[in-house]
Amino acid sequence: MDKFIIKGGKKLSGNVEISGAKNASLALMPASLLASGTSTLLNTPELNDVYTMIKLLKHLGVEVSFENHVLKLNTENIISQDAPYEHVKKMRASVYVLGPLLSRYGTAKVSLPGGCAWGPRPINLHIEGLKKMGADIDLQEGYIIAKSKRLNGAIINFDVSSVGATGNILMAATLAKGTTIINNAAMEPEITNLAEFLVKMGAKINGINTSTLEIEGVADLTSSEIETIPDRIEAGTLLIAGAITHGEIKLTNFPGKYLTSVLSKLEDSGCKIINSNNITHVDGVNNITKPSDVTTAIYPGFPTDMQAQWTAYMALADGSSTVTDTIYLDRFKHVPELVRLGADITVKENSAVVRGVKKLRGAKVMSTDLRASASLVLAGLAAEGVTEVLRVYHLDRGYQRIEEKLMMLGADIERIEGTEF
Ligand code: EPU
């Protein structure tokens, strides 16, 4: 297990390029299973979650080549429709293979993902949606056993807007008989990226980018090519790295339209934001950080995946703020670790009350999940002295060599490899 050693207090400044979006790749990759042939996914990030999905796809029989961010997936020789526990337990997004396998092969056996570091993350909507389309689904020994003749189109009304359930049903519906309507569909940009890929494969989808998707099933799809959109959460994390160190950072390939809620909160906190021509720029030099409350919400609201990083930022604000998570009510594992760095934060129900302090001081802290570790790195960059962030494998799941990007921006951060911490 690797750790980071961060000597805090450096102002970060400079230009940085954002990698492809993890949560887009994790949907685009299983979508390739819907056709026979080679799909090409451009701008795929080199992340552990992408490698985990590659392992699962290889287990199903997909031939994979991955060089210079170009991921080629050849699905001509699929040999299994079984996603075993070893793969799914590492990454919940593995459940994305359920819809495509069932829809194309009429059968799928996918391990139930179980809990998550910060609490329950159910998949009932995925299962209910597929059942509505005519699938016969049983839960046996920790597995979802799904069978169906050709799925039928259906009207699916999600009670909760779910990225994963929208992706799974959308993929399944492309090959169903008749029309499927998904009401209260997720509108996250990663779902739009997926829908655009499916259209390139020959799917008939109306309402892309809205909360009502209408899919007219077709008999078959052909493999295709798509560019993965840039990662809005990596972008937001790096913008906060600029803001929390009172530096100035320019994202050279990131259209601010994917992150409007975070940009407007950064402005409320006193940073200058310039956002034009696919360039997003934060200037926090000389800023006295004003406290600014956030409440997470579905897109285009403030993302739950930026909640931990915002909490770290607010820990050094000039006053108190409240950070509320309405998507994942228990997602506050970073708080006790931020407190070890000197933050003054208390959690009550699904809100953190963050009373800004003048300084954070370096300490050893433990990553518990992906975004929690990002928040610890941000706090470490701004803290006085040395912060050791342990178990950065969590961070490596979703950020492509973030320490190299931070170093280029002037951070004093070092990865210590492979020791048991
Ligand atoms: N929900 C249900 N039933 C379901 C599915 C979801 O009640 O069947 C609820 C969840 O409990 C949650 C809400 O719906 O309260 C939204 O969950 P969603 O299904 O949208 O989450 P997800 O698809 O499992 C994706 C991202 C997460 C991100 C969430 C919310 C991927 C691979 N993961 O998860 O990303 O937090 O959407 O935006 O796309 C991360 O990158 O760190 C991460 C956790």
Side-chain angles (χ1 to χ4, degrees), residues 19-31 45 47-50 52-53 56 88 90-99 110 112-132 137 144 156-171 182 184-194 211 228-229 231-237 258-259 261-262 296-309 324-331 333-334 350 367-375 394-400 402:
S19 300
K22 167 179 84 81
N23 290 344
S25 291
L26 294 178
L28 295 170
M29 292 167 71
L47 306 170
N48 284 354
D49 274 8
V50 165
T52 302
M53 184 62 88
L56 172 56
V88 181
K90 284 201 191 126
M91 185 181 73
R92 302 176 51 82
S94 306
V95 83
Y96 264 140
V97 299
L98 177 62
V110 177
L112 277 165
C116 162
W118 68 78
R121 287 176 69 190
I123 55 158
N124 57 309
L125 299 174
H126 304 230
I127 291 175
E128 284 159 20
L130 291 171
K131 277 187 176 167
K132 232 176 158 195
I137 300 193
I144 305 161
I156 309 231
N157 301 310
F158 285 136
D159 296 340
V160 184
S161 171
S162 158
V163 175
T166 302
N168 237 334
I169 300 299
L170 172 62
M171 289 190 273
I182 308 177
N184 198 19
M187 292 193 293
E188 271 65 6
E190 295 76 19
I191 289 292
T192 298
N193 204 190
L194 169 66
S211 61
T228 313
I229 57 169
D231 195 305
R232 61 197 166 101
I233 307 302
E234 184 197 25
T237 304
Y258 292 137
L259 209 57
S261 55
V262 174
T296 66
I298 57 171
Y299 189 81
F302 194 96
T304 174
D305 294 341
M306 286 298 302
Q307 180 263 104
Q309 300 89 315
T324 302
D325 203 322
T326 66
I327 309 290
Y328 296 119
L329 309 186
D330 298 329
R331 198 180 195 177
K333 288 273 192 291
H334 43 286
N350 62 331
S367 307
T368 50
D369 63 75
L370 168 57
R371 308 304 173 187
S373 22
S375 82
H394 288 292
L395 199 79
D396 293 334
R397 288 188 57 178
Y399 292 89
Q400 184 178 302
I402 195 158

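Atoms within a ligand are numbered from 1 in the order they appear, just like the ligands themselves. In what follows, residues are counted from 1 in the order of the sequence shown.
- Close contacts of ligand 1 with Lys22, meaning ligand atoms under 4.0 Å from a residue heavy atom, involve 40 (C), 41 (O).
- With a 4.0 Å heavy-atom cut-off, ligand 1 is reached by the backbone of Asn124 and by its side chain too.
- Nearest to atom 2 (C) of ligand 1 by heavy-atom distance, out of Ala165, Pro303, Pro122, is Pro122.
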message = Under the criterion side-chain contact (heavy atoms from CB on, under 4.5 Å), I'd like the reasoning laid out for Arg371 against Gln307: C-alpha separation, chi angles, the key distance, then a yes or no.
response = CA-CA 8 Å; Arg371 308 304 173 187; Gln307 180 263 104; over 6 Å; no
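- If you check each of Met53, Arg331, His394, Arg371 against atom 44 (C) of ligand 1, the one with the closest non-hydrogen atom is Arg331.
- Within ligand 1, the atoms closer than 4.0 Å to a non-hydrogen atom of Leu370 are 42 (O), numbered from 1 in the order shown.
- Of the listed options Ala93, Ala21, Ser162, Ser162 places a heavy atom closest to atom 6 (C) of ligand 1.
- Of all non-hydrogen atoms in Pro45 and Gln400, the two that sit nearest each other are CA-OE1, 3.3 Å.
- The closest heavy-atom contact to atom 25 (C) of ligand 1, among the options Ile127, Leu194, Thr304, Val163, comes from Val163.
- The residue from Asp325, Asn350, Asp305 that alone fulfils the side-chain hydrogen bond (donor to acceptor under 3.5 Å, both in side chains) condition with Thr296 is Asp325.
- Taking 4.5 Å as the limit, some side-chain heavy atom of Ile123 sits within range of a side-chain heavy atom of Arg92.
- Remark: ligand 1 atoms within the under-4.0 Å shell around heavy atoms of Gly164 are 19 (O), 23 (O).
- Proximity of Asp305 to ligand 1, defined as any heavy-atom pair under 4.0 Å, is confined to the side chain (atoms from C-beta onward).
- Between Val163 and Glu190, the closest side-chain pair of non-hydrogen atoms is not below 4.5 Å.
- Taking all atoms of both residues into account, the shortest heavy-atom contact from Tyr399 to Glu234 is CE2-CA, 3.8 Å.
- Distance CD1/Ile233 to CD/Gln309: 7.0 Å, rounded to 0.5 Å.
- Comparing Leu26, Ile123, Asp49, Ile327 against atom 15 (O) of ligand 1, the shortest heavy-atom distance belongs to Ile327.
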